[in-house]
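Chain identifiers are assigned alphabetically (A, B, ...) following the order of the sequence lines, protein sequences preceding nucleic acid strands; residue numbering begins at 1 within each chain.
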There are 2 protein chains.
Amino acid sequence: MTSPLILRLRHHGKLGDRAAQALLACRKRNRLVEPGHCLMRQAERTSSLFWIESGWAMRYRNLANGRRQILNMLLPGDICDLQGLIDTRADHSVKAMTAVMLCEVDPARFLQLLHDDPEVATSLLWSVVQEEGILREHIVRIGRRSARVRLAHLLLELVRRQALGGGPSDGLVEVALTREVMADCLGLTPVHVSRTLSELRREGLVVLEAQGRLRITDIDALAREADYDTRYLHLARPDHALDLAGAGQA
Amino acid sequence: MTSPLILRLRHHGKLGDRAAQALLACRKRNRLVEPGHCLMRQAERTSSLFWIESGWAMRYRNLANGRRQILNMLLPGDICDLQGLIDTRADHSVKAMTAVMLCEVDPARFLQLLHDDPEVATSLLWSVVQEEGILREHIVRIGRRSARVRLAHLLLELVRRQALGGGPSDGLVEVALTREVMADCLGLTPVHVSRTLSELRREGLVVLEAQGRLRITDIDALAREADYDTRYLHLARPDHALDLAGAGQA
DNA sequence: CGTGCTTTTGAGACGACTCAACCATTGTGG
DNA sequence: CCACAATGGTTGAGTCGTCTCAAAAGCACG
């Protein structure tokens with residue numbers, strides 16, 4: 001079975017088997033994190049670098065007034081995070097939502113590879129660009145959309161992202177999200193999320209399945225409702241991928 | 001006079017004169033953009049790379065319902081954007097708020113330098129990490145803070161950021177911001193921004209000066225009000241900057 | 001078959017929005 | 001140098017979306 005990291009990167013462009021193998025060979029060791037445990041803590045110094053092999057995590061920030069804002073979700077194949085290459089005091093925490101299998105990367109080996117293999121470098125750059133796009137989309141969602149659209153939009157994004165890493169692509173959200181998690185993601189209260197979700201369910205756009213997991217019944221209908229750009233995250237193959245090697249090894 | 005790019009990068013860590021010169025030498029040409037004109041348009045393909053030498057710009061997104069969300073402001077010394085290294089269809093626009101002087105970069109030369117000079121590579125990585133931090137802070141601001149705190153927090157950030165690029169550090173916001181711009185940044189309406197700003201002015205935290213420019217009269221007081229972490233953006237020198245060269249040229 | 005957690009539902013409050021009128025500033029042409 | 005237009009800012013009144021608090025209902029697990 002292919003690693004979700006490779007699956008995801010291959011949505012960006014060419015990543016040959018040799019490059020993929022080289023990337024996977026940067027793995028130092030695997031680590032299993034229990035649900036609810038932290039992969040990284042606010043104000044802690046870290047210089048670790050890893051990707052998510054399985055399970056979901058959340059990147060969030062606790063505020064002085066006790067509130068919480070989830071900044072992003074981390075799904076299988078996501079890298080967390082290039083910031084780890086720099087030794088900074090983290091301004092946020094990362095917590096496992098389910099059991100999470102991490103692949104820790106050997107930074108030196110990783111940088112070496114980045115330096116030597118243009119395919120890997122390009123893929124990783126794509127990955128960073130995609131992640132920034134996700135953050136921007138999140139800003140728009142929270143800043144200028146109603147609760148209903150926010151929620152629909154988030155669910156669509158998660159379903160799409162999990163598919164990129166090899167997860168289900170049939171509308172089922174593979175992880176049970178509590179109302180509180182969705183609320184902290186969307187800048188709402190759990191109560192209001194509950195109401196809004198009921199509304200979507202009443203209209204048959206979404207159903208609640210076993211273990212509290214959600215399923216989008218009609219992705220296109222929901223996407224229309226949510227002003228969701230289906231090209232988002234697609235990031236089709238570029239017409240002319242910039243050749244990082246060309247410059248680097250000239 | 002030193003370029004704001006160099007000033008800003010030097011807040012991150014060591015960037016010697018040789019490295020700084022090399023970075024500036026990547027400049028292909030300068031371009032002046034009139035206020036209100038776009039540096040980059042939503043859905044357009046771009047593969048340009050440049051930094052802001054003077055003036056302010058905004059990165060924003062227009063929604064289907066006619067609303068606008070400002071994603072970030074671009075100040076002198078900011079790079080816009082590494083994404084330009086990849087040929088993607090932009091999901092947002094960038095518009096000059098004032099007259100803006102751009103320094104266009106020769107991508108090939110830039111990548112070469114990134115590849116060869118570890119000091120430059122480290123600085124740029126810092127820069128990317130800082131930018132991500134700004135986006136995250138923006139999410140928290142919009143998601144979990146009241147109008148009053150949002151506004152205060154934004155002003156504090158802008159004042160700090162302009163100082164990093166060599167602008168005033170005395171609390172004066174060097175560019176006149178319309179209520180609408182602040183509103184589109186903060187996910188509010190111009191009317192409500194007006195009211196909120198009046199409130200801050202009535203309390204003497206902020207004053208309105210000539211040409212509609214704002215001045216924060218007591219930065220510390222406002223920072224306390226706004227739950228603003230003064231370490232934010234500081235990004236003090238790392239204890240042990242990871243040596244990108246060490247791995248790359250081993 | 002409790003026990004603890006999450007979800008749902010209801011009622012009322014409040015922050016931010018809308019619409020609309022008026023005011024202030026700046027720039028322009030007579 | 002003034003009158004005027006254009007733009008952006010302020011203020012008021014009423015509405016609406018989301019929040020708060022609280023209680024009850026589901027659900028999972030020991």
Sub-3.5 Å donor-acceptor pair from the side chain of A:Gln162 to the main-chain atoms of A:Pro168, do we have one?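 Judged by distance alone, yes, a pair lies under 3.5 Å.
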Looking only at heavy atoms, what is the nearest atom pair of [X] and [Y], with distance?
X        : Y        : answer
A:Ile134 : A:Tyr232 : CA-OH, 3.2 Å
B:Leu208 : B:Arg201 : CD2-NH1, 3.6 Å
A:Ser127 : A:Leu9   : CB-CD2, 3.9 Å
B:Arg150 : B:Leu186 : NH1-O, 2.6 Å

Between [N] ([atom2]) and [X] ([atom1]): distance, integer Å:
X        : N      : atom1 : atom2 : answer
B:Leu151 : C:dG15 : CG    : C1'   : 15 Å
B:Arg150 : C:dA16 : CZ    : P     : 7 Å
B:Gln211 : C:dT25 : CD    : P     : 12 Å
A:Leu214 : C:dT7  : CG    : C1'   : 12 Å
A:Leu208 : D:dG26 : CG    : P     : 14 Å
A:Arg145 : C:dA16 : CZ    : C1'   : 19 Å
B:Arg213 : D:dG8  : CZ    : P     : 18 Å
A:Glu199 : C:dT7  : CD    : P     : 18 Å

Please assess A:Arg61 against A:Asp91 for the test salt bridge (Lys or Arg N to Asp or Glu O under 4.0 Å), listing each intermediate value before the final yes or no. CA-CA 7 Å; A:Arg61 172 99 175 270; A:Asp91 59 350; 5.2 Å; no
Which sits closer to the 5' end of DNA chain D, A:Ala210 or A:Ala147, going by the nucleotide each is nearest to?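 Mapping each residue to its closest nucleotide by heavy atoms, the 5'-most match is A:Ala147.
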Pair of N/O donor and acceptor under 3.5 Å linking D:dG12 base with B:Arg195 side chain: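 In this structure, the two groups form a donor-acceptor pair.
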Side chains of B:Arg8 and B:Gln130: do they bring a donor and an acceptor to under 3.5 Å?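 A pair is found: one side chain offers a donor N or O, the other an acceptor, under 3.5 Å apart.
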Does A:Leu197 or A:Arg144 map to a spot on DNA chain C nearer the 5' end, using the closest nucleotide for each?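 Nearest nucleotide further toward 5': that of A:Leu197.
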Where along residues 173-192 of chain B does a heavy atom fall under 4.0 Å from DNA chain D?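 Per residue number, the list reads B:Thr178, B:Arg179, B:Val191.
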Phosphate oxygens OP1/OP2 of C:dT7: is one of them under 4.0 Å from a side-chain N or O of A:Ser194?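 False: A:Ser194 side-chain N/O out of range (4.0 Å or more) of C:dT7 OP1/OP2.
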